[in-house]
Amino acid sequence: MSKKEWPLWEVFIRGQHGLNHRHVGSLHAPDAEMAINHARDVYTRRREGVSIWVVPSKDITASSPSEKGPLFDPAESKTYRHPTFFDIPDEVGKM
Amino acid sequence: MSEMPTNATADAAVTDQALQPAFFDWLCRMGDNALVLGHRTSEWCGHGPVLEEDIALANTALDLIGHTQMWLGLAGEVEGKGRDADALAYLRDAMKFRNFLLVELPRGDMAVTMMREFLFDAYHHLLLAWLSENSSSPRVSEIAAKALKEVSYHLDRASDIVVRLGDGTAESHRRMQDALDLLWPYTGEMFTSDEVDRAMVTAGIAPDLEMLRSKWEASVRDILEEATLKAPDPGGYAHLGGKQGRHTEHLGYILAEMQFLQRAYPGASW
Amino acid sequence: MYAQLVKSDGLKAREDMSAEERAFQDRVDNGEKIEPKDWMPEGYRKTLIRQIGQHAHSEIVGQLPEGNWITRAPSLERKAILLAKVQDEAGHGLYLYSAAETLGVSRDELLEKLHSGKMKYSSIFNYPTLNWADIGAVGWLVDGAAIMNQVPLQRTSYGPYSRAMIRICKEESFHQRQGYSIMMKMAFGTLEQKEMAQDALNRFWFPSLMMFGPSDKDSVHSAQSMAWKIKINTNDELRQKFVNETVPQAEYLGLTIPDEKLAWNEDKQGYDFSEPDWAEFFEVIKGNGPCNRERMEARVKAWDEGEWFRDGLNAYAEKAADRRKAAATAAEKPGYR
């Protein structure tokens with residue numbers, strides 16, 4: 001076994017100009033520059049991307065599942081944030 | 001069998017009878033280098049040192065197979081005897097192959113593989129850049145422009161790995177230096193002109209190799225220096241002959257493997 | 001399948017479950033995805049590591065029998081297609097190892113277990129590829145069998161595994177078709193080609209049926225895995241589906257499936273067929289298949305001979321990071337220079 005495993009990286013790819021980068025998977029690489037090359041070779045074999053981000057997996061901070069309720073449930077009650085909350089008469093036209 | 005593609009760019013060089021023998025030979029050199037190096041690179045598939053590298057090497061090999069199809073396809077058209085890229089790849093014997101000795105040497109370890117790719121890519125990139133910009137043959141420029149994008153990446157990747165392994169551990173440094181010393185005498189062939197090269201220069205199809213050599217030496221030297229590797233004497237001995245069909249013993253085995261099915265079952269469709 | 005004999009504990013009854021386990025099972029039953037940081041029973045985690053690990057190992061060992069023909073592919077196009085396909089298998093191995101890594105095991109650990117024989121891979125890859133039609137048969141039958149299992153696994157309860165399967169299924173859609181396209185060329189080609197095609201079918205038929213694993217009647221592991229939705233269909237269901245779909249494809253090729261008992265059964269609306277030789281299957285799993293030794297030697301060799309390469313690149317990355325750090329420190333303290 002090698003002395004040390006290459007660190008794990010999370011890969012984000014922008015599929016088309018104008019879209020957000022999206023998480024596509026992970027890979028191993030000794031550093032960021034090589035992670036970018038590997039991401040190009042591993043995750044864009046079918047022309048999937050126009051831009052790549054890589055982030056060391058260890059540097060990702062994730063929300064804790066047990067806090068899912070407190071974090072996300074409050075948004076549920078704020079239905080006025082959605083356009084369908086407001087009734088606009090048809091004769092006003094598209095809004 | 002091949003026919004002139006109906007949408008092909010008009011190109012007087014393709015049908016120039018006087019130019020034909022040299023042009024055909026030169027196109028075979030382009031195609032055979034890609035074919036044989038692609039073959040060697042594809043041998044790594046499933047045997048790479050780490051998954052990411054296994055995948056990257058296969059990408060390089062796939063690009064080279066694509067280049068082979070384009071160059072040998074055009075060679076078949078220029079020859080005008082109805083041979084397509086497959087007929088040229090699978091039904092010529094070693095003495096008709098026109099690749100450099102450099103690309104047919106066994107793949108060795110990853111040091112030999114990556115050092116060879118780097119030394120060849122540095123040449124390949126300069127050549128394709130010139131061809132895509134300056135070649136008097138529009139068909140040649142077209143192919144070169146397509147291949148250039150891929151080869152730019154090959155060169156970046158290979159240079160990066162050469163630097164990293166040269167300046168990595170003591171063992172990786174030693175292996176890279178050994179690979180460089182082994183391969184260096186085979187690089188001279190890339191820049192040694194013969195009558196075919198001179199005919200291509202005269203026709204404006206391909207560049208003067210001496211001009212490429214100085215650029216190649218400068219760019220290779222920079223990378224080797226960064227890699228803390230010692231470049232051998234550029235004026236040293238050069239192994240020649242591949243471009244004229246005099247090969248090492250290795251090519252015969254490559255072809256025995258590659259051409260087995262086509263030779264054993266003539267006329268079959270696959 | 002690619003994970004044929006995954007050990008797990010027997011099915012736990014609801015009344016024996018802790019409150020956490022019950023809540024977990026409810027989420028699975030509701031079709032919710034379990035994500036890496038969620039609480040999960042230790043058995044679920046361990047079984048998944050074994051299953052995803054076996055699946056990943058199968059992908060990378062599976063590169064070898066097909067890779068065997070890359071340098072002998074009969075045309076430039078076939079060579080490119082085969083190389084792209086075998087490269088995809090490496091990619092699929094990579095996605096699956098990544099999924100396993102979210103469960104707290106490293107890829108190197110999993111590889112070490114493969115190399116030392118502590119973890120298995122699919123029995124199918126211990127059979128040799130002897131003629132070019134075998135490359136067709138592997139795509140048609142082996143990938144065909146794999147897809148039967150992988151399509152439902154896109155709905156598996158574990159999020160990272162499910163997402164890996166979605167990506168894999170998307171990429172694999174061309175694999176089976178390229179295999180069948182080779183089979184068509186061979187079966188409709190010269191007499192010699194047809195002979196190769198039949199020979200390939202003869203050798204790969206029963207090993208392909210074995211890929212689904214022994215009958216569920218004999219499996220103590222299936223019930224719990226199905227409750228956890230890390231196994232979606234029974235082995236026998238999938239095997240039957242595979243036979244039903246494959247027989248007409250063989251008929252179209254004019255090839256004979258090497259099973260005298262094969263017959264349409266109107267009542268069950270499916271084919272009756274012979275069981276593979278399960279004694280042979282267990283021998284292959286134990287290491288006595290025709291290519292077990294070669295496959296492991298090739299994997300271990302690639303890994304061992306790659307060590308200096310991986311270490312060299314690591315060493316450079318560390319040096320480069322130190323150099324950057326030193327440069328940054330120097331820049332912060334101009335007075336020291």
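These figures come from a predicted structure and were not determined experimentally. Lettering of chains follows the sequences in order, A, B, ..., and the numbering in each one begins at 1.
The neighbour count for A/Gln16 CD, taken as heavy atoms of other residues, nucleotides or ligands under 6.0 Å away, does not exceed 12. Within 6.0 Å of NZ in C/Lys170 there are 12 or fewer heavy atoms belonging to other residues, nucleotides or ligands. The number of heavy-atom neighbours closer than 6.0 Å to NZ of C/Lys33, taken from other residues, nucleotides and ligands shown, is above 12. Residue A/Arg22 places its CZ atom among 12 or fewer non-hydrogen atoms of other residues, nucleotides or ligands, all under 6.0 Å distant. Surrounding CG of C/Asn30 are more than 12 heavy atoms belonging to other residues, nucleotides or ligands, all under 6.0 Å away. A 6.0 Å sphere centred on CG of C/Asp322 holds more than 12 heavy atoms belonging to other residues, nucleotides or ligands. Counting heavy atoms of neighbouring residues, nucleotides and ligands inside a 6.0 Å radius, atom CZ of A/Arg81 does not exceed 12 of them.
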Evaluation steps, salt bridge (Lys or Arg N to Asp or Glu O under 4.0 Å), between C/Arg310 and A/Glu5:
CA-CA 8 Å; C/Arg310 298 187 301 273; A/Glu5 188 167 6; over 6 Å; no
Does the side-chain contact (heavy atoms from CB on, under 4.5 Å) test come out yes or no for C/Arg107 and A/Leu8, once each step is laid out?
CA-CA 10 Å; C/Arg107 186 167 87 187; A/Leu8 192 63; over 6 Å; no
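C/Arg167 places a side-chain heavy atom less than 4.5 Å from the side chain of A/Tyr43. At least one side-chain heavy atom of A/Trp6 sits under 4.5 Å from a side-chain heavy atom of C/Leu313. For the pair A/His28/C/Leu94, no side-chain contact is recorded, criterion being any heavy-atom separation below 4.5 Å from C-beta on.
Using a 4.5 Å cut-off between heavy atoms, C/Glu35 makes no contact with chain A at all.
Residues A/Pro30 and C/Ala317 approach most closely at O-CB, 3.4 Å, considering heavy atoms. The two atoms that bring C/Ser98 and A/Ser26 nearest to each other are OG-O, 3.6 Å, heavy atoms only.
With salt bridges taken as basic N to acidic carboxylate O contacts below 4.0 Å, none links A/Lys4 and C/Asp311.
Taken to the nearest 0.5 Å, the CD atom of C/Glu101 stands 10.0 Å off from the CG atom of A/Leu27.
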